Amino acid sequence: MQFETLAIHDGQAPDPLTGAVTVPVYQTSTFGRESLDSRPEFFYSRIGNPTRAALESTLALLENGRHGLAFASGVAAITAALQVLKPGDHIVAGCDIYGGSYRIFEQLMRPWGVETSYAESEATGSYEACIRPNTRMIWIETPSNPLLQVTDIRAVARIARERGIVTAVDNTFPSPYFQRPLELGADIVVHSTTKYLGGHSDVIGGAVVTSDDRLHHTIKNYQAAAGAIPGPWDCWLVLRGLKTLKIRMREHEATALHLARALQSHPKVAKVFHPGLPDHPGHELAKSQMHGFGGMLTIALDGGLPAVRKLIAGTKLFVLADSLGGVESLIASPAKMTLGALSPEERRRRGCTDDLVRLSIGLENAGDLEEDLMNALATI
Ligand SMILES: *Cc1c(COP(=O)(O)O)cnc(C)c1O
């Protein structure tokens, strides 16, 4: 079956009790047992819940993996995936990664005895050069945040596999509709379902998908033991989002590309970052490992932070907000917002300059969004 069919039907057969065509919200903490000796599939909702099980099964299928696990947030999912490591292990991560992942690596993992080295996101050789004898995981985010750099998942996963290193990919930006890292050789995929998978800016959630039974067992055990699980209602919202993922992603991407082209020729815009543009350094690689380029767009403005402030103040349709992947378009300054917690040196090293503006392109009319951006650019 094709992607959109799986998104609507897998794990979501009509409810056996009532025939309800959507999976019910099983808002219950516990389940009655038949007898003292029975151990039913569901007995306590931290361990398992039917609404969550439907979501986990659908997530696994969409990523073409065997096992899916849902979490209370994207960072809870990332933390869970890192539980396959132990003190003394070492991580190699791309340097242009989500700020929250960086915080987990530096503020949670490092004091716990797991060090992280940072590779240039676009250079396979840089990941290889960072590998140490105790490296146990390579962490990739592609296209990256906020520069939309593209990492060669196949090549990095091959290098990792030869050395018995686990490859984990944060697939939040492209979503499984545009990129399925397990098919490219990665071992673990993580998501913030808060973004495109939920898709409507109304839920916080995360997911881990793997086809490796051993990794799954460790992460599932952590999910049950540490308990950062999403409630049934939040699972239901993500399930509903998944049903329209394909048509949303296509529209997000078409509008993002339209705007990317329109902005490229604007005199106030110094640079446009979108992997769908033929002059983007990762364009050919993106074509070879993705099924589309996504709905995120970053631009650099002539005039630095003052120009960024004017653009943000001048837009009427783009909401100034931190998240991404929803139906409404959002605008953000990576330097002041998503990566604001990093020191200026760290931001500079990552190429996150003050002149950047990150746009999450929503589902509004492309012409309306273009007009809004052009009007705002005219105020600079
Ligand atoms: C938002 C985000 C996360 C964290 O997810 P939360 O749901 O906010 O915890 C992780 N990775 C990426 C790429 C993100 O955009």
Side-chain angles (χ1 to χ4, degrees), residues 74-75 78 82 90-110 114-132 135 137-153 156 167-174 190 192 195 269-275 277 280-283 285-286 293-294 296-305 307-309 312 321-325 330-360:
V75 291
I78 292 167
L82 296 173
H90 173 252
I91 303 168
V92 176
C95 70
D96 189 35
I97 52 169
Y98 177 65
S101 306
Y102 183 77
R103 181 159 67 174
I104 293 171
F105 293 145
E106 293 307 313
Q107 294 180 18
L108 301 184
M109 300 304 281
R110 192 175 290 274
V114 175
E115 274 186 54
T116 302
S117 303
Y118 298 92
E120 287 167 45
S121 293
E122 285 179 307
T124 303
S126 174
Y127 286 87
E128 192 167 14
C130 288
I131 291 174
R132 299 180 189 168
T135 303
M137 182 180 277
I138 298 186
W139 190 270
I140 297 173
E141 199 180 308
T142 178
S144 70
N145 176 18
L147 294 175
L148 301 169
Q149 294 175 337
V150 183
T151 301
D152 189 337
I153 299 176
V156 174
T167 303
V169 179
D170 184 334
N171 206 33
T172 300
F173 267 39
V190 303
S192 167
K195 314 295 169 51
V269 177
K271 201 157 183 225
V272 178
F273 304 83
H274 189 278
L277 294 173
H280 184 283
H283 179 67
L285 179 56
F293 305 104
M296 296 300 296
L297 182 59
T298 298
I299 57 177
L301 292 180
D302 274 334
L305 196 55
V308 170
R309 288 186 193 281
I312 287 171
D322 291 83
S323 195
L324 61 104
L330 303 179
I331 188 167
S333 152
K336 298 290 283 180
M337 294 164 66
T338 49
L339 298 179
L342 303 191
S343 69
E345 299 78 65
E346 279 171 318
R347 277 202 298 277
R348 205 167 313 123
R349 200 168 50 235
R350 293 175 47 156
C352 174
T353 44
D354 285 351
D355 57 353
L356 294 182
V357 176
R358 193 186 77 179
L359 302 168
S360 171

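This one's a predicted model, so the numbers in the text were calculated from it and none came from an experiment.
The two residues Leu148 and Pro275 have their closest heavy-atom pair at CB-CD, 4.0 Å. The shortest non-hydrogen separation linking Leu305 to Asp354 is CD1-O, 3.8 Å. For the residue pair Phe105 and Ala93, the shortest heavy atom distance occurs at CE1-CB, 3.8 Å. In plain terms, the two heavy atoms of Val357 and Ile331 that are nearest each other are CG1-CG1, 3.5 Å. Ser117 and His90 get closest at one heavy-atom pair: OG-NE2, 2.6 Å.
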Could you walk me through whether Leu356 and Leu147 pass the side chain to side chain contact (heavy atoms under 4.5 Å, CB included) check? CA-CA 9 Å; Leu356 294 182; Leu147 294 175; 3.7 Å; yes
Report the C-alpha distance between Asp96 and Ser144 in whole Å, list the side-chain angles of each, state the deciding distance to 0.1 Å, and finish with yes or no for side chain to side chain donor-acceptor pair (under 3.5 Å). CA-CA 6 Å; Asp96 189 35; Ser144 70; 2.3 Å; yes
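By the neighbour-count criterion of 12 heavy atoms within 6.0 Å, atom CD of Glu120 is sparsely surrounded, having that number or fewer from other residues, nucleotides or ligands. Annotation for Arg110: atom CZ counts as buried by contact number, over 12 foreign heavy atoms lying within 6.0 Å.
Among Thr172, Asp170, Leu82, the single residue meeting the side-chain contact (heavy atoms from CB on, under 4.5 Å) criterion with Val190 is Asp170.
Atoms CG and OG, on Leu324 and Ser360 in that order, are 5.0 Å from each other to the nearest 0.5 Å. For the atom pair CE (Met109) and OG1 (Thr116), the distance works out to 7.0 Å, reported to the nearest 0.5 Å. Atom-to-atom distance recorded for Ile97:CD1 and Trp139:CH2 is 8.5 Å, nearest 0.5 angstrom. Atoms OG1 and OH, from Thr135 and Tyr127 in turn, are 13.5 Å apart once rounded to the nearest 0.5 Å. With rounding to the nearest 0.5 angstrom, the CZ atom of Arg350 is 5.5 Å from the CG atom of Leu342. For the atom pair CD1 of Ile312 and CZ of Arg309, the computed distance is 8.0 Å after rounding to the nearest 0.5 Å.
You'll find the side chain of Tyr118 stays beyond 4.5 Å of the side chain of Arg349, heavy atoms only. Side-chain atoms of Arg358 and Met337, non-hydrogen and from C-beta on, never get closer than 4.5 Å to each other. Two residues are said to be in side-chain contact when any heavy atoms from C-beta on lie closer than 4.5 Å; Gln149 and Pro143 fail this criterion. Val75 places a side-chain heavy atom less than 4.5 Å from the side chain of Ile104. Between Val150 and His280 the shortest side-chain heavy-atom distance falls below 4.5 Å. In this structure, Leu301 and Val269 have side chains that are in contact, with non-hydrogen atoms separated by less than 4.5 Å.
Side-chain N or O atoms of Thr298 include one that pairs as donor or acceptor with a backbone N or O of Pro146 at under 3.5 Å. Using a distance-only test at 3.5 Å, with no hydrogens or angles considered, a donor-acceptor pair links the side chain of Thr142 to the main chain of Thr151. Within the 3.5 Å criterion, the main-chain N or O of Tyr98 finds a donor-acceptor partner in the side chain of Glu141. Arg347 places no side-chain N or O within 3.5 Å of a backbone atom of Cys352 that could act as its donor or acceptor partner. A donor-acceptor pair is defined here as one N or O able to donate and one able to accept, closer than 3.5 Å; no such pair exists between the side chain of Ser121 and the backbone of Gly94.
Ring orientation note: the planes of His274 and Phe293 are nearly perpendicular, at an angle over 60° on the 30°/60° scale.
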